[in-house]
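Read through the structure below, which is laid out as structure tokens, and then see the notes.
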Amino acid sequence: MNFVEQEVENDMAAGRTPEGVITRFPPEPNGYLHIGHAKAIWVDFGIAEKFGGRCNLRFDDTNPAKESQEFVDSIKDDIRWLGYDWQGHEYYASDYFEALYGFAVQLIEKGLAYVCDLSAEETRSYRGTPHEPGKNSPNRDRSTTENLALFKSMRDGEFPDGACTLRAKIDMAHANLNMRDPVLYRIARAHHHRTGDAWCIYPMYDFAHGQSDAIEGVTHSLCSLEFENHRPLYEWFLEHIDGIGSPRQIEFARLNLTYTITSKRKLQELVEKGYVTGWDDPRMPTIRGLRKRGYTPDAIRNMCAAAGLTKFNALHDMHLLENALREDLNKRADRRMAVLDPLKVVITNLAEDEAIECEAVNNPEAEGEGTSRTLHLTREIWIEQEDFREDAPSKFFRLKANGDVRLRYGYVIHCDEIIKDDAGNVVELRCTYDPESGGGKTPEGKKKVKGIIHWVSARDAVDAEVRLYDHLFKEPQPGTGGRTIEEDLNPDSIQVVQGAKLEPALSAAAAGTQVQFERLGYFVRTDDEDIVFNRAVSLRDSWAKFEQKG
RNA sequence: UCCCCUGUGGUGUAAUUGGUAACACAGCUGUUUUUGGUACAGUCAUUUCAGGUUCAAGUCCUGGCGGGGGAACCA
């Protein structure tokens, strides 16, 4: 049990949650969700679920200049894709604008808020620094009557944008800068995607969030670490506004992954400068990107669980995410054969019109009865260039000159002849197959063949485009150590392979179908009209590791 | 320099709340295998440091050191 669950359990035991546990996921509709949000969603929805409560979806739409309906829609779509349901509890901070206004009036009446005429710049300089106390606003002691009238005029649009603000009257010398008379309302004539032009004053985050939580009966308001310094203010409002609930804010560390950035601003830069094709580029850490890449909701959720929930600002290894995907897809993805870099092999003891049926299991790891399909071994087949070496070390278990290798789900072939072009490149192999070696059997008196390679019948193959993705960045911590994120971009983050040879069944796969290309990795069919597959993640490859070490 | 938070293997997370460091990922070494995949096994930590309390400290106390956050009319 993590520390948040522990706290929730304590609160339940202490009778502080008579209506059950209620959390909320509070995105600002000003961008697309990314892997970091996925963790927050996992936390907010997951904890509510664990304790039999519910999680509200609340859009924190208090800054109309940056927000839009488009983002509201995409966010809802992404949450649903991740497998979470807010059960109709869809709210907006803007639903509470009138209530919030009332709370502000209440604070003014109690002498706890005032209208301040300082400009944005002056407000900043009056705030002081962590080392020096701030200075009181010259308007700090306005009368309640005057403040009430002024605040009403703000709402009625009698002042230009930025002319004044409503501020809480707390303590300009407070050690926590957030408590130095924070701004509650600012004047901004921006068209709001939900309230239109009904308002020209908008509440700040601090004034809206806790009160929105309270209005909804939220018991546990879980947020990231950067709001720790805001908690005293969160609690100050709840304490000084009458007749409002008392949600509890608990902060946790956000998700950081190696080779990844989650800064909205930096991601936007990648999109704008064309380093990626868009927010849904399969290399992007956005939910939409991961989805196109071939990730599954389960993999993402399991990764969150594996990473855990703490207050320590950790940096998780990207392997954690990749491993979660492999683990998930190992069980559910059907296996297929695909040759990305084809080398023609002619099986000379097979006639032109001959085709030997080979049974291939769809997924040896699937639970229950495994289904299978029939492949045809024909005279001409494709194998991977990489799986043949004329001259190879003894550890190389694949096909060599005069050597043997087993064709997966097929037969053992022997390489009799190597055909090269004028430049000396191997363009074709002439092999013979051993009719006695079907079904994985080793004929009496023959040595067992260790190497097994994948292949595709040239007669049956369909051509396809395959996109091989790798980390977007070449550095574990992009943009640190004095480098820019641009400098850290991995130039080989995408490799497009044309003319890959796929086994025929793949042409019928629906968009979004996840498969394992045997010995290569997990791939997903894209929604392109042509046959295109994206590589989500490669398989573990101990041979490649061995070779790298030299 | 002021306030808040945080420090357990390469990376993260756990430890019945004081009882002798567990799990995952990564690495390495093997076994099994019609995927050099999967699965399985082995290996990898004197818990940031210095004191203190105690029969006993990762857990408690004192002090130091390291890391993160904080001065938007953003969220």
Side-chain angles (χ1 to χ4, degrees), chain A residues 1-2 26-28 30 60-63 65-67 116 118-121 123-125 127-134 161-167 174-180 182-188 201-202 204-206 208-209 223-232 251 253 258 264 303 305-324 326-327 330-331 335 337 360-361 364-365 395-398 406-410 412 437 439-442 449-454 476 516-521 538-547:
Chain A
M1 184 160 21
N2 61 57
E28 181 186 14
N30 71 342
D60 224 331
D61 55 350
T62 57
N63 186 9
K66 294 182 174 175
E67 298 152 5
C116 174
L118 254 29
S119 69
E121 247 166 87
T123 305
R124 214 172 305 134
S125 75
R127 188 151 33 228
T129 71
H131 318 291
E132 318 153 55
D161 286 9
C164 51
T165 58
L166 182 74
R167 295 228 257 161
H174 201 110
N176 181 339
L177 289 301
N178 293 126
M179 299 297 273
R180 319 244 263 226
V183 171
L184 271 36
Y185 272 90
R186 75 283 214 183
I187 304 173
I201 58 171
Y202 292 96
M204 299 291 290
Y205 164 84
D206 285 305
H209 205 95
C223 63
S224 48
L225 252 27
E226 64 260 41
F227 293 102
E228 269 172 335
N229 293 323
H230 292 249
R231 190 172 359 111
E251 311 85 13
T258 54
K264 213 174 269 181
M303 185 273 302
L309 187 59
T310 66
K311 298 189 74 141
F312 178 65
N313 208 297
L315 176 62
H316 289 91
D317 199 321
M318 184 60 164
H319 287 297
L320 206 57
L321 217 210
E322 296 175 342
N323 181 262
R326 290 193 188 104
E327 199 171 68
N330 179 45
K331 287 179 307 205
R335 267 110 248 235
M337 291 203 277
V361 174
E365 304 297 325
K395 290 264 195 177
F396 184 83
F397 305 140
R398 286 109 101 143
R406 174 174 291 284
L407 296 178
R408 172 119 234 219
Y409 295 124
V412 171
S437 64
K441 286 196 280 286
T442 300
V449 173
K450 189 169 172 70
I452 299 158
I453 62 173
H454 58 274
Q516 180 195 101
F517 286 175
E518 296 234 17
R519 307 209 302 136
L520 297 176
S538 65
L539 251 29
R540 277 203 191 79
D541 190 345
S542 50
W543 168 247
K545 269 180 204 158
F546 173 79
E547 284 236 291

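Labels below follow one simple rule: chain letters A, B, ... track the order of the sequence lines, proteins then strands, and each chain is numbered from 1. Computed from heavy atoms alone, side chains included, the values below leave out hydrogens, waters and symmetry copies.
The phosphate of G27(B) has OP1 or OP2 within less than 4.0 Å of a side-chain N or O from Lys545(A). Taking side-chain N and O atoms only, Arg186(A) has a distance below 4.0 Å to OP1 or OP2 of A75(B). The side chain of Arg335(A) places no N or O atom within less than 4.0 Å of a non-bridging phosphate oxygen (OP1 or OP2) of G37(B). One finds a side-chain N or O of Thr62(A) lying less than 4.0 angstrom from the OP1 or OP2 phosphate oxygen of A75(B). Phosphate proximity of U13(B) to Thr310(A): present, with a side-chain N or O under 4.0 Å from OP1 or OP2. Contact check, Asn323(A) against A26(B): a side-chain N or O comes under 4.0 Å of OP1 or OP2.
For the P atoms, the distance from C60(B) to A14(B) is 15 Å, rounded to whole Å. Using C1' as the reference atom, G58(B) and U6(B) are 15 Å apart when rounded to the nearest Å.
Across all strands, Arg398(A) comes closer than 4.0 Å to base atoms (heavy-atom distances). As judged by a 4.0 angstrom heavy-atom cut-off over every strand, Glu132(A) is placed among residues making no nucleic acid contact. Using a 4.0 Å heavy-atom distance criterion, Phe517(A) is classed as making no nucleic acid contact. The residue Glu518(A) sits close to a base: some heavy atom pair falls under 4.0 Å. Contacts of Tyr185(A) with the nucleic acid, taken as non-hydrogen atoms under 4.0 Å apart, are absent. Among the protein residues, Leu315(A) comes within range of the sugar-phosphate backbone only, with heavy atoms under 4.0 Å from sugar or phosphate atoms but none that close to a base. In this structure, His209(A) reaches neither bases nor backbone, as no heavy-atom distance under 4.0 Å exists between it and the strands shown. Among the heavy atoms of the strands, none lies under 4.0 Å from Ala306(A). Among the heavy atoms of the strands lying under 4.0 Å from Thr165(A) is at least one base atom, whether or not backbone atoms are also near. Within 4.0 Å (heavy atoms only), Arg127(A) reaches sugar-phosphate atoms of the nucleic acid but no base atom. The residue Pro364(A) sits close to a base: some heavy atom pair falls under 4.0 Å. Gly439(A) comes within 4.0 angstrom of a base, heavy atoms only.
Across A75(B), U34(B), C4(B), the shortest atom-to-atom separation from the side chain of Asn229(A) is found for C4(B). For Ser542(A), the side-chain atoms get nearest to G36(B) when compared with the rest of G36(B), G12(B), C73(B).
For the pair Phe397(A) and G36(B), the ring geometry qualifies as stacking, because the centroid separation is below 5.5 Å while the planes lie within an angle under 30°. Both thresholds, 5.5 Å between centres and 30° between ring planes, are not jointly met by Tyr205(A) relative to the base of A75(B), so the two rings are not stacked.
The distance from atom CG of Asn178(A) to atom P of C74(B) is 14 Å, rounded to the nearest whole Å.
Applying the 90° cutoff around 0 to the glycosidic angle, U17(B) is assigned syn.
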Note to self: Once pairs are restricted to Watson-Crick or G-U wobble with both distances under 3.5 Å, how does RNA chain B read as a dot-bracket string, [ ] for crossings and | for other-strand pairs?
What the structure shows: .((((((..((((.....[..)))).(((((.......)))))....(((((..]....))))))))))).....

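Note that CG of Leu118(A) is 11.0 Å distant from CZ of Arg124(A), once rounded to the nearest 0.5 Å.
Under 4.0 Å is where a charged nitrogen must lie from a carboxylate oxygen, and between Lys66(A) and Glu28(A) no such pair does.
The base of A71(B) is not paired with the side chain of His174(A) by any donor and acceptor separated by under 3.5 Å. The base of G37(B) sits with one of its N or O atoms less than 3.5 Å from a complementary donor or acceptor on the side chain of Glu365(A).
Between the side chain of Glu132(A) and the backbone N or O of Gly128(A), no donor-acceptor pair lies under 3.5 Å.
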